[in-house]
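Everything numeric in this text was worked out from a predicted model, so none of it was measured. Throughout, numbering of the chain's residues begins at 1 and tracks the sequence.
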Amino acid sequence: MGKTSRKILVGTLSAAVVASIVAPVAHASSFKDVSEDSDHTGAITSLTERGIIKGFSDGTYRPYQEITRGQVAKIFSRLLDGKGKKESVFSDIPADYKDQELVLAASELYHKGIMTGSNGKMMPNKPITRQQMAKVLVEALNLQPSTAYPNNLQDLDYVPSNMRKYVLTLVQNGVTRVDDGLYRPSEAVTRAQFASFVYRALEVGESREEEFEINEATENEEQVLLTFSKPVEKTSITKEDFSVEGSLPAKVEGEGNKVILTLASSANNKKVDTVDIVGPISSDSGELLSNVTIKVK
């Protein structure tokens, strides 16, 4: 079966998180500084119940406090299916650092390439910016480009070129929602905002538990029938998206999860062994598929 190289969120997260059977720690309503009518309350409640985020010993969540890089590292360490080592991967977090959860989290995220620091330092007490958060979310939860939401950003030029793909991925998946078109990449993220970002990103991954892939390709005289795991967005397919033994098909038709490639006359008398999906083509729910080769039966 031909598949993309993409991985789905389920499988990178801890089994307990996916199953949502972590014992509740504290409800958002029990945080004395989290309002029940806040836009972020639902996210804070859900992530707290799953043991992903935590409040402070005085019973507060401090929703409007800027979240630090160290706090972000610990949150993703709780999410991911793995375990760090008691080692110093950053010069400002020694192995005997007083916050041992952070030592393990820093080790895990560093070795997974999610948080690599700067000049050998993690800067755990420094607030994380919105563009830095985009990179961490996309890398940690393996979010993929999508066509589910349009790009309405007006300040994308202010995002460093090496960070734009991460910000765009959040926008395309509806993880970030900016009515005024401004992402404000250099601004710090509050603890309440971060809870909502993580919650939405998890929803994206969980909704894509089934991969968008091509199941099989069969040849019938002058045509090749491609069967996909999900319905294909018909407007996303063109002849240029496919290559049949190195040539473009003469015609492409799509209906539901089927795509029919009518072969060019020069290929009619040849046995078709493989079809390349150059793409990208899109499922009707926004997943993209490209650079895939499948054998024809």
Is a side-chain donor or acceptor of Thr41 paired with a backbone partner of Ser35 at a separation under 3.5 angstrom? yes
Verify whether one side chain among Glu213 and Ser229 offers a donor that lies under 3.5 Å from an acceptor in the other. no
Any side-chain heavy-atom pair from Val136 and Met115 closer than 4.5 angstrom? yes
Less than 4.5 Å apart, side chain to side chain, heavy atoms only: is that true for Phe76 and Leu109? yes
Does Ile260 share a hydrophobic cluster with Val244, counting links as ILVMFWY side-chain heavy atoms below 4.5 Å and allowing steps through other members? no
Can you list the steps and then say if Thr227 with Lys258 is a side chain to side chain donor-acceptor pair (under 3.5 Å)? CA-CA 5 Å; Thr227 304; Lys258 310 287 187 182; 3.2 Å; yes
On a heavy-atom basis, the closest approach of Val103 and Pro94 is CG2-O, 3.6 Å
Would you say that Ile277 contacts Ile294 through its side chain, given a criterion of any heavy-atom pair below 4.5 Å between the two side chains? no
Just by modelled atom types, is the Val178 backbone N or O under 3.5 Å from a matching donor or acceptor in the Asn152 side chain? yes
Are Tyr110 and Phe90, when compared by the centres of their aromatic rings, separated by less than 6.0 Å? yes
Test: Lys297 and Glu216 ion pair at under 4.0 Å: yes
Distance, nearest 0.5 Å, that separates CG of Asn125 from CD of Gln71: 8.5 Å
Should Lys32 and Asp58 be marked as a salt bridge (charged side-chain N to carboxylate O under 4.0 Å, His left out) after you check the CA-CA gap, both sets of side-chain angles, and the distance that decides it? CA-CA 9 Å; Lys32 54 189 177 185; Asp58 62 358; 5.6 Å; no
With heavy-atom distances below 4.5 Å as the criterion, would you say the side chains of Val278 and Asp241 are in contact? no
Once rounded to the nearest 0.5 Å, what's the spacing between atom CG of Leu168 and atom CG of Leu153? 6.5 Å
If we ignore hydrogens and angles and just use 3.5 Å, is the side chain of Gln100 paired with the main-chain N or O of Ala95 as donor and acceptor? yes
Starting at CG of Leu170, measure out to CG of Leu143 and round the result to the nearest 0.5 Å. 6.5 Å
Walk me through it: do Asn162 and Lys135 pass the test side chain to side chain contact (heavy atoms under 4.5 Å, CB included)? CA-CA 10 Å; Asn162 64 325; Lys135 178 181 183 298; over 6 Å; no
Roughly how far, to the nearest 0.5 Å, is NZ of Lys230 from CD1 of Ile214? 15.0 Å
Please test Ile237 against Phe242 for side chain to side chain contact (heavy atoms under 4.5 Å, CB included), starting from the C-alpha separation and ending with a verdict. CA-CA 9 Å; Ile237 56 174; Phe242 303 91; 4.3 Å; yes
State yes or no: do Tyr149 and Val198 share one hydrophobic cluster built from I, L, V, M, F, W and Y residues joined by side-chain heavy-atom distances below 4.5 Å, directly or via other members? no
Any luck finding a side-chain donor-acceptor pair between Lys295 and Thr274 under 3.5 Å? no
Are Ile128 and Met163 linked, directly or through other ILVMFWY residues, by side chains that come within less than 4.5 angstrom of each other? yes
4.5 Å side-chain heavy-atom contact, Thr129 and Met133: no
Could you walk me through whether Val252 and Thr238 pass the side chain to side chain contact (heavy atoms under 4.5 Å, CB included) test, one step at a time? CA-CA 7 Å; Val252 174; Thr238 66; over 6 Å; no
When you compare the side chains of Tyr183 and Gln131, does any donor N or O come within less than 3.5 Å of an acceptor on the partner? no
Do Ile44 and Phe31 come within less than 4.5 Å of each other through their side chains, counting heavy atoms only? yes
Hydrophobic clusters here meaning ILVMFWY residues chained together by side-chain heavy-atom distances under 4.5 Å, can you tell me if Ile281 and Val296 are in one? yes
All heavy atoms of Met122 vs all of Ile93, minimum pair found to be SD-CD1, 3.2 Å
Compute whether any side-chain donor of one residue and acceptor of the other, for Asp276 and Thr293, lie under 3.5 angstrom apart. yes
Could you check if a side-chain atom of Leu156 sits within less than 4.5 angstrom of a side-chain atom of Tyr158, using non-hydrogen atoms only? no
For Thr190 and Glu66, test the side chains for any donor-to-acceptor distance below 3.5 angstrom and give the result as yes or no. no
Take atom OH of Tyr166 as the centre, draw a 6.0 Å sphere, and report whether it contains more than 12 heavy atoms from other residues, nucleotides or ligands. yes
Any chance you could lay out the side chain to side chain contact (heavy atoms under 4.5 Å, CB included) test for Arg62 and Val34, step after step, and finish with the verdict? CA-CA 8 Å; Arg62 304 176 195 175; Val34 174; over 6 Å; no
Within one Ile-Leu-Val-Met-Phe-Trp-Tyr cluster: Val292 and Leu261, side-chain cutoff 4.5 Å: yes
Contact check, side chains of Leu263 and Val272, non-hydrogen atoms, under 4.5 Å: yes
Do NZ/NE/NH1/NH2 and the carboxylate oxygens of Glu101 and Arg78 come within less than 4.0 Å? yes
What is the minimum heavy-atom distance between Thr176 and Arg130, and which atoms define it? OG1-NH2, 3.8 Å
Check whether any side-chain N or O of Arg164 sits under 3.5 Å from a backbone N or O of Val159 as a donor-acceptor pair, and report yes or no. yes
Which atom of Val224 lies closest to which atom of Ala217, heavy atoms considered: CG1-CB, 4.3 Å
Polar side-chain atom of Gln172 near backbone of Ser146 as donor-acceptor pair, under 3.5 Å: yes
Closest heavy-atom pair, Ala140 versus Leu80, reported as atoms and distance to 0.1 Å, is O-CD2, 3.4 Å
Using a 3.5 Å distance criterion without hydrogens, assess whether the side chain of Arg69 forms a donor-acceptor pair with backbone atoms of Pro124. no
Nearest heavy-atom contact between Leu104 and Lys86 is CD2-N, 3.6 Å
With a 3.5 Å distance limit and no angle check, can you tell me whether Asn220 reaches the backbone of Gln223 through a side-chain donor-acceptor pair? no
Checking Asp92 side chain against Lys121 main chain: does a donor-acceptor pair fall under 3.5 Å? no
Drop me the distance from Leu47's CG to Leu79's CG, to the nearest 0.5 angstrom. 7.5 Å
Working to the nearest 0.5 Å, report the span between CD of Gln65 and OG1 of Thr60. 8.0 Å
